[in-house]
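For reference, the structure discussed in these notes is given below.
Every chain is numbered from 1, with letters handed out A, B, ... down the list of sequences. If you're wondering where the values come from, they're calculated on a predicted model, not measured in any experiment.
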Amino acid sequence: MPELPEVEIAARNLRAWTAGRRIARVEAQPGTARIFRPSRPAAFARALEGARFAAVGRRGKQLLLALERDGEPVGLLAHLGMTGKWLRRTADDPAPRFSRARLVLDDGTVLHFSDLRLFGRLRVVPGARFDEVPEVAALGPDPLAAGIDPAALGEALRRSRLPVKVRLLDQGVVAGVGNIYASEALFRARIDPRRRGPSLSPAEVRRLAGTVLEAMREGIARQESPEITYVEEGGENPFLVYAREGERCPRCRRGTIRRIVQAQRSTFFCPRCQR
DNA sequence: ACCCGTGTTCGCTG
DNA sequence: TCAGCGAACACGGG
């Protein structure tokens, strides 16, 4: 699921599901303490129970849920990790298979934090002071909120000699880019993922700033149109190069998509048109 | 059994 | 001192 587009969809869903609602009860699945902060289930629940939702925000892949109780702000910071998702059920529905936490709302709905691999995180943020949380403070500009300033991107890419694909995964460079969209953006910009960051020309940096945003906007549009079903697992691969090793390049029609490993992650690209 | 996976952190090393 | 690397986290699917 989760790179910026998926998290943006999650934020929109949560906004609709929580508007005006209060958290009646919080339940943590036994044996999943590593997800929670504070990790003691009772303390985690106590911090949130009775609070009313005020706003749902997103920065990069971080979901920022702002609540209020007795005039006191309290925040819930949620990260989906690799397999996290928020699901809405009614009180009588059985819990989804990998439900790790449940927010029972005052309208009888239940928001489940489902996460197979337990890489997700749910963190109480006292006073809803999200900016003081290190993982939030370290984030670079969010493409959707602030756009990507080519000059700033160029500056960030010049700060390290790592391959540009690896640099894009650093959340301090552009917040929200993950392994899929890094490959997709570089393909669209016709830049070889193995190039060192400082080697990119200003024109290439400009192209890349544009394609990161473009790829993410398309990802969001794809997921918000319910009639398009190929996003569902088991459906057709909606990406241009990601997970298309061995296929013909959709742009030049002559190159063959290659898979390489960079920083322990798969990268997909067309060696013929990405230079 | 083995490899792979939309993410991030931590400890070691040169 | 610190950038960069690889292991680790956890669990299912092919």
- Looking at B/dT6, C/dC5, C/dA10, which one has an atom nearest to any side-chain atom of A/N179? B/dT6
- Query: Just checking, is any N or O donor in the side chain of A/S114 or A/K85 under 3.5 Å from an acceptor N or O on the other one?
  - Reply: no
- Determine the contact category for A/R259: base if any of its heavy atoms lies under 4.0 Å from a base atom, sugar-phosphate if only primed atoms, P, OP1 or OP2 are that close, otherwise nothing. sugar-phosphate
- Message: Could you tell me how far apart A/R265 (CZ) and B/dC3 (C1') are, to the nearest whole angstrom?
- Response: 15 Å
- Message: Strictly below 4.0 Å: does A/Q264 bring a side-chain N or O up to OP1 or OP2 of C/dC5?
- Response: no
- Task: Return the nearest nucleotide to the side chain of A/K61; candidates are B/dG5, B/dG7, B/dT6.
- Result: B/dG7
- Closest approach of A/L65 and A/F53, non-hydrogen atoms and distance? CD1-CE2, 4.1 Å
- Ring centers of A/F269, A/F187 separated by less than 6.0 Å: no
- Query: Under 4.0 angstrom, heavy atoms only, what part of the nucleic acid is A/L80 near: base, sugar-phosphate, or nothing?
  - Reply: nothing
- Message: What's the gap between C/dC5 and B/dT6 when it is taken at their C1' atoms, as a whole Å value?
- Response: 22 Å
- Rounded distance (Å) that lies between atom C1' of B/dG7 and atom CZ of A/R34: 12 Å
- Candidates B/dT6, C/dG4, C/dA10 - which lies nearest the side chain of A/L118: C/dA10
- B/dT8 phosphate, OP1 or OP2, under 4.0 Å from A/H79 side-chain N/O: yes
- For A/Q62 and B/dT9, give me the distance from atom CD to atom C1', rounded to whole Å. 13 Å
- Task: Could you tell me the separation between the CZ atom of A/R190 and the OG1 atom of A/T211, rounded to the nearest 0.5 Å?
- Result: 10.0 Å
- Message: Nearest heavy atom decides the nucleotide; on that basis, is A/F268 or A/Q171 closer to the 5' end of DNA chain B?
- Response: A/F268
- Task: Send over the distance from A/D170 CG to C/dA3 P, rounded to a whole Å.
- Result: 11 Å
- C/dC9 pairs with which nucleotide, Watson-Crick or G-U wobble, both distances below 3.5 Å? B/dG7
- Let me know the distance between CE of A/M216 and P of B/dT6, rounded to the nearest Å. 14 Å
- Message: From CD of A/Q29 over to P of C/dA10, roughly how many Å is that when rounded to an integer?
- Response: 16 Å
- Query: Atom CZ of A/R244 and atom P of B/dG5: how far apart are they, to the nearest Å?
  - Reply: 16 Å
- Task: With P as the reference atom in both, quote the distance from C/dG12 to B/dT9 in angstrom, rounded to an integer.
- Result: 24 Å
- Task: Output the single nucleotide from B/dG7, C/dG4, B/dG5 whose closest atom is nearest the side chain of A/R161.
- Result: C/dG4
- Looking at every strand, decide which applies to A/Y181 at a 4.0 Å heavy-atom threshold: base, sugar-phosphate, or nothing. nothing
- Of A/R167 and A/R117, the one whose closest DNA chain C nucleotide lies more 5': A/R167
- Message: Is the base of C/dC9 stacked against the aromatic ring of A/F119, taking ring centres under 5.5 Å apart and planes under 30° as the test?
- Response: yes
- Message: Side chain of A/L116, heavy atoms from C-beta onward: which of C/dC11, C/dG4, B/dG7 has the nearest atom to it?
- Response: C/dC11
- Task: Have a look at A/T83 and say if it touches a base, only the backbone sugar-phosphate, or nothing, with a 4.0 Å heavy-atom cut-off.
- Result: nothing
- Query: From A/C270 SG over to A/R254 CZ, what is the distance, rounded to the nearest 0.5 angstrom?
  - Reply: 11.0 Å
- Can you tell me how far P of B/dT8 sits from CE of A/M82, to the nearest Å? 10 Å
- Item | Polar contact flag, side-chain donor to acceptor under 3.5 angstrom, A/E6-A/Q223 | yes
